[in-house]
Each structure stands twice: as C-alpha cells, then as structure tokens.
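For the numbers below, each heavy atom of this structure counts, side chains included, while hydrogens, waters and symmetry mates do not. Throughout, a chain's letter reflects where its sequence line sits, starting with A, and its residues are numbered from 1.
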Amino acid sequence: MIRFFLFLPLLALLMGLIAPQPAQAQPLRLQITEGVIEPMPFAMPAFVPENSAGSEYSDRLARVVAANLSNTGLFREIPRDAHIARVSSFDASISYSDWRAINVQALITGAVSVSGDRMTVKFRLFDVLSGQQVGEGLQFSGSTQNWRRMAHKISDAVYSRITGEDGYFDSRVVFISESGPRGNRTKRLAIMDQDGENVQFLTDGRALVFAPRFSPNGDRILYTTYETGAPRIALMNTQTGQRQLVGDIPGAQTFSPRFAPDGDALVFSAARGGNTDLYRMSLSSGQISQLTSSPSIATSPSFSPDGRFITFESDRSGTSQIYVMPATGGEAQRISFGQGRYSTPVWSPRGDLIAFTKSHAGRFHIGVMRRDGSEERLLTASFLDEGPTWAPNGRVIMFTREAQGGDPALFSVDITGRNLRRVPTQGPASDPAWGPLLP
Amino acid sequence: MDTGQKVSGVAHIGLILWVMLFDIFQAPDTAPVIPVTDVSLISAEEFAALSGPREAPEPEPAPPAPPAPEPEAVPEPEPAPTPEPEIAAPDPVTPPPPSPEPEPEPEPAPAEPSTGVVFSPAPTPGASERPRPRPADRVAPTPSDAPPESAEIDLAARPATEPEPEAEADLVEEEQAETAPPEATTEIVTEATETDTEATERAAMAPTLSQRPRTRPDRPAPQPEPEPTPEPEPETQTAQTPPAPTPTPAPQPEPEDPPSDAIADAIAQALSEELAGSGGSASAGSADTGSASLSASEADGLRLAIQQCWNIGVLSTDAQQVTVTVAFSMTPSARHEQGTIRMIGSSGGSETAVQQAFEAARRAIIRCEGPDGYGLPPEKYDAWRDIEITFNPEGMRLR
C-alpha cells in the first residue's frame, strides 16, 4: 500500500508527459471574394532639376507621366496643391506619413539634368502604404528633343511595376487625318504618339488613303491607296518616306493588307470578277499565294501572334461573320454566332482575344471574344464604332467613333469596358493602327 | 305559487305588454328609399348614331410645328484649319488626282423603324380604329431638296406666326418667317426616343459588365463533433484545460442526437450562408483553445473592412485571375504586426501575376486599418491573434 502511494507522483509525472499540450490557437480564417475597382491614388511631384538647364523640363516631364497614368483610368493623381511633403532632393528620405495622410499609395520622384542637347532623367517609385521603394531606380539619357519619349518610358516602367502589365505609352499610332468638307474630304496618312502628340503627315492628301497597318517592329506601314484610280496596296518606310506599291494582281483590286508577325509576309484581299478572296505575299520573294477561294467576300485578315492562324470576316454564311483558318489556307471555322453582323477582326498581341466590330439593331459595337468565339463581350455602343486596333500590351483598344452627323474621331477603351475616352487629334481622324512599343 | 314565481310572472307579463304596445306604436319606418330619376327614350337609330364611331374631332389649334429638318440649309462647318505638320511630311509620290471616290467607310446600317409605340385607347367603344402612326418628328432618310430661299437659319426653331382671331383689328403684327434650327438632321435615328448623344452618354453610364452570380455556398462539411466545450465562466477563460482534441473516428450515427446539436448545425449553416452571401466567409478555430471565439458579426466586420480596400482594378488581367492566401499577425491593439504579412498560398496565374495579386492584398490589409486598428474585441485576442485571408476574385472576374 505504501508502495502504491509512493508510486503516485511518478504516475502523475508520466501522465503529465504524455498528456497533450494545449493546442496552438488556430488562425482566424476569412475569405474575400469581392473587392473594389477604383483608381489608385498617386503623387507625381515635379522632377528635381539637378542643374539650371534641367528646370525647363522638371515640370513638363512630370506632367506627361501623370497624364499617361491618369489616362489609363487605373490611377488618379493627387493634385500637387494637396502635397504636404516637398521633394527637394532626389536622394532625400521619403516622409511616408505625410504622403499617407493625403491618401497617396504610390509616389513617383524624379530628377532631370540637361547638358547641351542631352538630358538625363531618373526616377524612383515608392509604395507609400508599406513604406518601401518598388524596384530599383531607373535612369534614361537621350536628346532633349525626345524628352516626351523619356517621360513615356518612365510611365511604362511605373505602369508595369504596379499593374504587372507591359506598358504602352512609348508607342505610336498611324491613322487617317481628315480635313475639308464632308463631301470632299482630304485624307492624309498621319502618325502620332499614342497620346496624340507629335503628329506627322506621311502623305499629302492628293490620293485617297485608308486602312494603314504598322509592321511588327514599326519601321514600315502598309496602307491602301487610290492613287492609280483603283485600290492598291502601298508599303512605306516610316524613316525614309520611301514608298512602293506591292501585291499587284492583274485585273484585281487589292486592299485591306496586314503584316504577318515575321514582318516579311503580308495578307490582303483581292477583288476580281465580283469575288473577293484572301492572298498571301512574301515581301522578300514577291511570291503570292491564294488562301481562300469561296464565292463570297473574304476580307479584313489578321494574323495570330504566333503566325499560325488568320482571322478574317466573310459573308459566306449569308451575313458578315468572323472566321479563323490556318495561315496557309484551308478550312475556315466560323467563330461568331451572335446576333448582328461581325467585321474587322483583329487578333490581340497576347493571342487570347479577338477584337471586332459588331452591328446589331442599328448600333455599332466594339467587342472582344476568345479565339473560339466564346466569352463575347461588347465594350462600346454608339451610332458608329468600327476598326479596333490593339495597344502593344493587349490591354487597350483604339477605334474610330463617328457620331450621327458628326466627324469621325479616335477613341480608346480598356478591355474591361471601362475608361472610354477620346484620343486628342487635330481635326477628324479615323482608321487608327497602333504600333509596337518603341525600343 | 311562491314569491319568486309571482315576480317572474309579473315581469314577463310586463315585458310582453311593453313589446306589444310600444314596439308596435314606435316601430321605425325602414322602407328603403327608392331613388327616382328622369329618363328619356331614344330610338334605335339615335342609339346607333351615339354608339357608332365618332368623326375625327376638330383639329385643335396646331401647336408650334416642329421645325422641318432641312439639311441643306445647314451651313457646312467651316473646314478646320489644316494643322501644320510639326515635322515636314515627306512627299513620297505625286499621285494622280483622285478619281471618283469609292467610299471606303462602311455605310451605317439602315435605320430600323421605331417600334413599341403605345397608342391610346379608342375614344368610343365598339369601334376599333386603326392605330395611327406616331407623328414623326423626323423626316425620311433621303435628303430633302434645297430649302426655299425664304428659309433662314436661326438659332432656334420658330413657327410662322398666324393672326390670332381675338387680335385687335388695328394691331399689326410683323410676320416672322419660318426658320429651321441649324442642326436639323435628315436621318432617322435608330432609337426613336433618344439622340445619339444621349445614347452614347447612357451607354457610357450603363454597366457593360455584370458580375457573375454568386455560387451557392457549399454546405459545411460534416466535421468531427468537438468535445463539449465547458460553459464559459466569466471569471476566467482558461480555467480548464480543454480535453485533448482526439481525432474523432468516422462519426457513428448516434441513436439519438441531442436537439441542441441540430440547432447548432442550423445556426452554423445560416451564419456560413450569410457570410458567403455577402462576399466571403469566416471561420475560426479558437474554440479548441478554450478562449472566446470571434462572433460571426465581428468576423464579418473585419472581413468587410478589408474587402472595401481590396482594389483589384489596378491589377493586370492575369493577376485578376489569381487567388492568394495571406497570413499575418495582429497586435493586441487590433493592428497588423509590421512585417508579418506573408503569402502562404496561391493558385492561378504566372509568378508575376501572383506577386501583383499579393501586393494588392497586402495593400488592402494595411490601408483600411483605422486609427484604432480594426476594432476587434481585445478580450478575444486569442481568436484573432493570427489571421489568414484568402483573396479570391472570382466574384469580380469578367464574364
């Protein structure tokens, strides 16, 4: 009996060892399936001039960067009047609390110095909420004449770091600039920055031109011209201005050209004997091959980014619809089955979507769909919307909008359907084609 | 006969007499009053004439006539001054003068006639009039001829004046020529009740996308029955060590479930559905620790606070497809602990997209923390000391 009582403490100790420890508190688990969609507030103080010559550009650079970001609809600039902290030195520490107090989430600081006709621009991006710098600072050098391009480069870097998308600000758009009375319009080929600045005219307006298209690297432009009295395809070098007619098919009218992703081949439409088919031509060899041969209209071809497929519009089913076929020709598969007529399909640079023009119930729409025709979404609705073209990052679409009785103008819209805005141009404009991101 | 019977007999006799005498003589006259109305007789011909279709009423004095769109009267807009090229445009070729221009721009779809006009009922019964077309306030799609010389352009439509019948004879009014507004149109709009500008504005305001309907939340998976938690004692929350969470074997169907379990299941399911229906859900495992657990409303408040700062609009389309699970610790003052926000799981998207999605989640946790933190009950600190949040944008994805 005494042994039993002596054994009790040992038993208790053993029980204590094998007894489970109090469990660690499990975390509180939440699931959030809905958020908000709103522009991110950012601050863009004037660039710090590092010498007296740089002060000329300190404010202009910041204005261009702020405008680029704000025009995306994803960002909202906090006005400089509301800034509490002042950035007097590019290397000065950031007073995050001052920026947090005015609800700034992203802060961009920069500096500029000018020496002769050369300028150096650098910037840093800060996450105000976490009080950290985002990525490394970047520096660009170039001619003072290209100060806007350097602002676009900074915009692209900021945009890419925050959104995860590639930028598109340092790119150009070729379009048709129109002038004169409605019945006798003068149409000139023109090129501009994506924000409507730096407009240059490439033709003099004596011949009707339309449907320009950039080459993949932006050094050439294909377009359709009536300079011979009938539609013909012209190829222009954007650097030298040299121009030549290409894709000549005897007895046929050729139009609606577009480059292949390799930059050597092009695909276009040729109308002959009341029938319009698609043809492919190699610019290096001049060889032309016919891709379609159906007794109907096939036009507006566009390559997939990998060059394996071509999407185009055809009325072979009775109404204008969108089809996809191999890039070497062959059986075409219809992908549009909604109500109305579909036209001008353009493959996204990402390859996942096809933008198109749709007319239904007396209104025109710009929309996107998957390459198999699924998940069709209409982004716009207007009296006349047509001719979509993709930004180089595949996030924004530019197109022509014409109000009833009004002049055509260029508009852009995010592929989410938000942020519809007019692209500023000097006078009426149509037929935009977005070029690649500049090197 | 006793006294009671006498009294009863006298009372009954009195009652009978009262009824016979007073009720007879004072009975109210309840005869209904018949209304009388004078009528007149008409013949069948007169009735037919009355009930037949009426003639069109005399036209009322015409309201100010809508201005007839006269496109030709509209002055052509001044051609915009040709912008001078900033950089001299190369003049590559000298093309021949343009031939008759084949219009490359597609013609807009022919306007469809307006439909859905609601007509007022016929004025007389029995006569079904053909619905009259709605007065067209716009003209045929073909342009009209040139206007007469007298038509002048004015800033606003102004009807021609007509002599008023009551006007004084000696009052001489100066007649005004009928004018047309300068922006009259010759085309019929496709939607009769709205202009293109209105349609554009309305289309811009209208949501072009709709969120996907929420899926029905899954029923809570049958979980092992927790050990009965001791009644919380106000004096202490850790007085008793909870029994070991033994891995409960497959739940055997017990012969009889206590009714409290069924009620608890129903409440748990209702709370789960409520939370899921409002954009998320919450679960906490603090019951095992014996500490007080966060109530559903408290957890929901925390979730809503973070949700309203979770901005996915700035994310790439790829990052909007990513689901990330973020864990962090809280201080007793209900603020997130610096440097503890970390990603513990993700699904979908590239590495870059996952990182962007995590950044958005991290911003949400930091941004919506008020001066007093998240306002969680400090006595339940053990329940929210560590938090895991799954940010799943499935409710925001484009469809």
Any side-chain heavy atom of [X] within less than 4.5 Å of one from [Y]?
{"X": "B:W310", "Y": "A:I32", "value": "yes"}
{"X": "A:D127", "Y": "B:E359", "value": "yes"}
{"X": "B:T390", "Y": "A:L30", "value": "no"}

### Query
Without hydrogens or angle criteria, can the side chains of A:R29 and B:T325 be said to hold a donor-acceptor pair below 3.5 Å?
no
### Task
Could you go through the side chain to side chain contact (heavy atoms under 4.5 Å, CB included) check for B:L315 and A:E165 one step at a time?
CA-CA 8 Å; B:L315 294 180; A:E165 309 254 23; over 6 Å; no
### Query
Between B:I389, B:N311, B:V314, B:I387, which residue shows the highest count of heavy-atom pairs closer than 4.5 Å to chain A?
B:N311
Give, for atom [atom1] of [X] and atom [atom2] of [Y], the distance between the pair rounded to the nearest 0.5 Å.
{"X": "B:R367", "Y": "A:Q105", "atom1": "CZ", "atom2": "CD", "value": "4.5 Å"}
{"X": "B:E388", "Y": "A:Q26", "atom1": "CD", "atom2": "CD", "value": "9.5 Å"}
{"X": "B:I365", "Y": "A:L129", "atom1": "CD1", "atom2": "CG", "value": "11.5 Å"}
{"X": "B:K380", "Y": "A:L28", "atom1": "NZ", "atom2": "CG", "value": "11.5 Å"}
{"X": "A:I162", "Y": "B:S316", "atom1": "CD1", "atom2": "OG", "value": "12.5 Å"}

### Task
Could you tell me which portion of B:Q356 (side chain, backbone, both or neither) has an atom closer than 4.5 angstrom to a non-hydrogen atom of chain A?
side chain
### Query
So what's closer than 4.5 Å to chain A heavy atoms on B:I366: side chain, backbone, both or neither?
side chain
### Query
How far apart are the C-alpha atoms of A:Q31 and B:R303, what are their side-chain angles, what is the distance that settles it, and do they pass the side chain to side chain contact (heavy atoms under 4.5 Å, CB included) test?
CA-CA 8 Å; A:Q31 180 168 1; B:R303 184 184 57 78; over 6 Å; no
Structural part of [X] lying under 4.5 Å from a heavy atom of chain B:
{"X": "A:F75", "value": "side chain"}
{"X": "A:D431", "value": "neither"}
{"X": "A:R161", "value": "backbone"}

### Message
Closer than 4.0 angstrom, basic N to acidic O: yes or no for A:E38 and B:R363?
### Response
no
### Task
Sort out for me which of A:L74, A:N103, A:T72, A:I191 touches chain B most, counting heavy-atom pairs under 4.5 Å.
A:L74
